[in-house]
Amino acid sequence: MKIGSVFAHRLVRALILLAFVLFIVQLGRSDALIYYVAPRMDLWVKGLALGMYMLAMHQLYLAVRDVSRKKASVSCSCSSHSHDQWKPGVVVMYGALIIPLVLAFSMPDAVLGSQMATKKGLNLTPSSILVNADNVTGDTGTSGTMFPSNDYTKPYAKQAADMYSQPLIMINDDIYIESLTSMDLYQEQFLGKKVQIAGYVYRLDSMKENQFAVGRFAMRCCVADSVPMAIMVEADNPKQWNNDMFVVVLGTIEQRNIDGKSVLTIAAKSIETQQVPTSPYVYGNPYFGS
């Protein structure tokens, strides 16, 4: 293979790696990394950027070294260097990396909204993901008979008992997922309780005109695994609250049926707009159940 071809391959690889590094650095400096990965993944992503930078520098070093030395070995046409030729498969491989980079730099950073929530499907019954959630009549532990639990659901029973004891249940960001799951797991017990929750406005086609959902995207590691978790709301003036508006809802918990499922619903007493939070997504509480 000609030395120019080797140089071109290594230069392309280096530039692709540096482009990924630049994108990650740009996200970090603009505090936009949170739109793509959970905070606990920040260090891993930044470490990845450092590793990619080192690989890029190594590719540049090899490219410059081969040009300067003009080694005869890179001019051979033996099969061991066939992966360096400009075959269609190699071009496709580079394209598969370059196209996402172009899209990443050209598209603005944005929070997942109602359109993506509709595509993924709103999770209005978060306790359905719990293993053995249907069998919570085992050992009641310290949560009392009002919130029966088994070994798996005991942390949610304790959380439900703590929330139930409050005159006004506040769904805070740091325990957003666990709070909604606990309430859904013990729907009957929370009927009539007052609750306040902040979130984005979402809608489903199966909802009535006076209904919409308020919730947040719950993220585990990255935006790809995020799930829209919400609670249904009934209001007298629902058309005033457009999709993707960030609102605070205060009301009483009731129960409704949607898509054949029993879901908790807030009969809204007041709804107010609020400034979008710095962290648009919610995450699992690492200390929950400990």
N/O donor-acceptor pairs under 3.5 Å from side chains in residues 93-107, not counting sequence neighbours:
from, atom 1, to, atom 2, distance (Å)
Y94, OH, H9, ND1, 2.9
Y94, OH, R13, NE, 3.3
S106, OG, V102, O, 2.8
S106, OG, L103, O, 3.2

Distance-only check: which donor-acceptor pairs under 3.5 Å involve side-chain atoms of residues 268-281, not counting sequence neighbours?
from, atom 1, to, atom 2, distance (Å)
S279, OG, Y281, O, 3.3
Y281, OH, L112, N, 3.1

Just list the side-chain donor-acceptor pairs under 3.5 Å for residues 170-183, sequence neighbours left out, or say none.
from, atom 1, to, atom 2, distance (Å)
D173, OD1, R216, NH1, 3.1
Y176, OH, A198, O, 3.0
E178, OE2, N285, N, 2.8
S179, OG, Q159, NE2, 3.4
S179, OG, I175, O, 2.7
T181, OG1, I177, O, 2.8
S182, OG, Y156, O, 3.3
S182, OG, E178, O, 2.8

Please set out all donor-acceptor pairs under 3.5 angstrom arising from side-chain atoms of residues 40-57, sequence neighbours excluded.
from, atom 1, to, atom 2, distance (Å)
R40, NE, R220, O, 3.3
R40, NH2, R220, O, 3.1

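Between V282 and M219 there is no side-chain heavy-atom pair separated by less than 4.5 Å. Taking 4.5 Å as the limit, some side-chain heavy atom of L122 sits within range of a side-chain heavy atom of M207. In this structure the side chain of L124 never reaches within 4.5 angstrom of the side chain of I231, judged on heavy atoms.
For S114, the side-chain contact (heavy atoms from CB on, under 4.5 Å) partners two or more places apart in sequence, or in a different chain, are Y202, N243, D244. In this view, N210 and K208, E234, P238 satisfy the side-chain contact (heavy atoms from CB on, under 4.5 Å) rule, not counting sequence neighbours.
Under the 4.5 Å side-chain heavy-atom criterion for grouping Ile, Leu, Val, Met, Phe, Trp and Tyr, V223 is connected to Y200 within one hydrophobic cluster. Under the 4.5 Å side-chain heavy-atom criterion for ILVMFWY residues, no single connected hydrophobic cluster contains both V248 and I197. Cluster membership check: I16 does not share its hydrophobic cluster with L62, using side-chain heavy-atom separations under 4.5 Å among Ile, Leu, Val, Met, Phe, Trp and Tyr. Both I266 and L191 belong to a single network of hydrophobic side chains, linked directly or stepwise wherever heavy atoms of I, L, V, M, F, W or Y lie under 4.5 Å apart. Taking hydrophobic clusters as Ile, Leu, Val, Met, Phe, Trp and Tyr residues chained together by side-chain heavy-atom distances below 4.5 Å, V12 shares a cluster with V91.
Taking both residues in full, the closest heavy atoms of I34 and P39 are given as CD1-CG, 4.5 Å, listed atom of the first, atom of the second, then distance. Y186 and S149 make their closest contact through OH-CB, 3.8 Å (heavy atoms, listed as atom of the first residue, atom of the second, distance). For the residue pair A235 and F212, the shortest heavy atom distance occurs at CB-CE2, 4.0 Å. Pairing each heavy atom of T125 with each of S262, the nearest pair is CG2-O, 3.9 Å.
A donor atom on one side chain and an acceptor atom on the other are found under 3.5 Å apart for S206 and D259. Using a 3.5 Å distance cut-off with no hydrogens or angles, the side chains of T265 and Q255 do not pair a donor with an acceptor.
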*In sequence, state the C-alpha distance, the side-chain angles, and the governing distance for L168 and V195, and then conclude on side-chain contact (heavy atoms from CB on, under 4.5 Å).*
CA-CA 6 Å; L168 175 61; V195 64; 5.5 Å; no

*How far apart are the C-alpha atoms of I258 and M232, what are their side-chain angles, what is the distance that settles it, and do they pass the side-chain contact (heavy atoms from CB on, under 4.5 Å) test?*
CA-CA 10 Å; I258 185 170; M232 198 157 74; 4.0 Å; yes

_Pair K154, N150 - check side-chain contact (heavy atoms from CB on, under 4.5 Å), show working._
CA-CA 6 Å; K154 190 175 293 184; N150 54 34; over 6 Å; no

*For V233 and Q211, what are the C-alpha separation, side-chain angles and deciding distance, and is it a side-chain contact (heavy atoms from CB on, under 4.5 Å)?*
CA-CA 6 Å; V233 176; Q211 296 175 337; over 6 Å; no

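Within a 6.0 Å radius of NZ in K193, more than 12 heavy atoms belonging to other residues, nucleotides or ligands are found. Around the CG atom of D236, the shell of radius 6.0 Å holds no more than 12 heavy atoms that belong to other residues, nucleotides or ligands.
Here the straight-line distance linking atom CZ of F23 with atom CG of L33 works out to 8.5 Å at 0.5 Å rounding. Interatomic distance, OG of S127 versus CG of D184, reported as 3.5 Å (0.5 Å rounding). A distance of 8.0 Å separates CZ in F7 from CG in L60, rounded to the nearest 0.5 Å. F190 CZ to I169 CD1: the interatomic distance, rounded to the nearest 0.5 Å, is 5.0 Å.
Geometrically, K158 does not engage F147 in a cation-pi contact defined by less than 6.0 Å to the ring centre and at most 45° from the axis.
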